[in-house]
Amino acid sequence: MAHQFTTSYTKDARDLFRYYKRLGDRAIEQCPDADLFTTLDPESNSIAIIVKHMAGNMRSRWTDFSPAMAKNRIATATRNLKHPPPTRSALVALWEAGWKICFDALNRLSDDDLPRTITIRTEPHSVMQAINRQVGHYAHHVGQIVFLAKHFAGDRWQTLSVPKKKSAEFNRKVAAGKLSQR
């Protein structure tokens, strides 16, 4: 991901969220359909369960993102979703809907909103702390999605970042303007 000098925290946050969404998009695209719903063991989650969790969390955290956040957001976020959607298209629609809620809320924020206080799970957070919390949360789960998709794609996997053992070549192409870190 290319770094653009900015002093806007909210712009940087939106760019980071877009980066993690793009990683998730590209990983999900490469995962065979049936494996979206496969777990590695009884204690692990499938990509579908992770997507369902993230979409519910996005609905919960970003809907009515204001100092007086709804008290019962978590229960509301997952109503009607006891199981993940049964198809790739429905799963991707859920993924997109969650991210839309997240980006719509972020787009309404400015850096002036960062010191405001919001409540998450009965604890006060500044808007900046809440954003940081979600960046870490989504990065964690997107990493799980990437790991699982790569596992299931096997030798059909196309890397989402710098190819293994090709860092120097990648750096030369970026320096020459032939590639971007985006």
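For the numbers below, each heavy atom of this structure counts, side chains included, while hydrogens, waters and symmetry mates do not. Residue indices begin at 1 and follow the sequence shown. Because the structure is a prediction, the values reported are computed rather than measured.
By the 4.5 Å heavy-atom criterion applied to side chains, W157 and V146 are counted as neighbours. With a 4.5 Å cut-off on side-chain heavy atoms, D35 and I47 do not count as touching. L40 has its side chain within reach of F152: a pair of non-hydrogen atoms, C-beta onward, lies under 4.5 Å apart. When side chains are defined from C-beta on, L148 does not count as touching N45, because their heavy atoms never get closer than 4.5 Å. Here the side chains of V51 and I28 are in contact, with some heavy-atom distance below 4.5 Å. S46 is listed as a side-chain neighbour of T39, based on a closest heavy-atom distance under 4.5 Å. Counting heavy atoms from C-beta outward, L16 and Y138 have side chains that stay 4.5 Å or more apart. Side-chain contact between P32 and R156 is present, with at least one heavy-atom pair separated by less than 4.5 Å.
In this structure a side-chain-to-backbone donor-acceptor pair under 3.5 Å is missing from D33 to T87. Side-chain atoms of T63 come within 3.5 Å of backbone atoms of R59 as a donor-acceptor pair (strictly under, hydrogens ignored). No donor-acceptor distance shorter than 3.5 angstrom exists from the side chain of T119 to the backbone of T122, with no hydrogens or angles considered. Within the 3.5 Å criterion, the main-chain N or O of A149 finds no donor-acceptor partner in the side chain of Q30. With hydrogens and angles ignored, the 3.5 Å screen pairs no side-chain donor or acceptor of R88 with any backbone N or O of L36. N57 contributes no side-chain N or O that, together with a main-chain N or O of H53, makes up a donor-acceptor pair within less than 3.5 Å.
Using cut-offs of 30° and 60° for the angle between ring planes, the F147 and H151 rings count as parallel.
Within the model, atoms NZ of K166 and NZ of K173 stand 8.0 Å from one another, a figure rounded to the nearest 0.5 Å. Here Q144 contributes atom CD and S44 contributes atom OG; the two are 9.5 Å apart, rounded to the nearest 0.5 Å. The line from CG of D111 to NZ of K11 is 11.5 Å long, rounded to the nearest 0.5 Å. Rounding to the nearest 0.5 Å places CD1 of I101 at 9.0 Å from CE of M58. For the atom pair NE2 of H83 and CD1 of I49, the computed distance is 8.5 Å after rounding to the nearest 0.5 Å. Here CG of L94 is found 9.0 Å from NZ of K52. Values are rounded to the nearest 0.5 Å.
When all heavy atoms of W95 and M54 are compared, the closest pair comes out as CZ3-SD, 3.8 Å. Between H125 and Q129, the closest heavy-atom pair is CA-OE1, 3.4 Å. Of all heavy-atom pairs spanning P124 and T117, the tightest one is CB-CG2, 3.8 Å. Of all the heavy atoms in L109 and I131, the pair that sits closest is CD1-CD1, 4.0 Å. Nearest heavy-atom pair across G24 and I145 is O-CG2, 4.4 Å. The two atoms that bring L91 and P85 nearest to each other are N-CB, 3.8 Å, heavy atoms only.
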Before you tell me yes or no, could you show the steps for N132 and Y9 under side chain to side chain contact (heavy atoms under 4.5 Å, CB included), namely the whole-Å CA-CA distance, both residues' side-chain angles and the distance that decides it to 0.1 Å? CA-CA 10 Å; N132 287 340; Y9 176 81; 2.2 Å; yes
Carefully, step by step, assess F17 and W99 under the rule side chain to side chain contact (heavy atoms under 4.5 Å, CB included). CA-CA 9 Å; F17 281 116; W99 282 106; 3.8 Å; yes
With side chain to side chain contact (heavy atoms under 4.5 Å, CB included) as the test, would you mind laying out the steps for R61 and R133 before giving the verdict? CA-CA 10 Å; R61 292 290 178 259; R133 177 178 170 144; 3.9 Å; yes
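A salt bridge is defined here as a Lys NZ or Arg NE, NH1 or NH2 lying under 4.0 Å from an Asp or Glu carboxylate O, and E96 with K100 fails to meet this definition. A salt bridge does not link D104 with R108: none of the charged nitrogens is closer than 4.0 Å to a carboxylate oxygen. Between D15 and R18, at least one side-chain N (NZ, or NE/NH1/NH2) sits under 4.0 Å from a carboxylate O, which counts as a salt bridge.
Residues forming a salt bridge (charged side-chain N to carboxylate O under 4.0 Å, His left out) with K150 (at least two apart in sequence, or on another chain): none.
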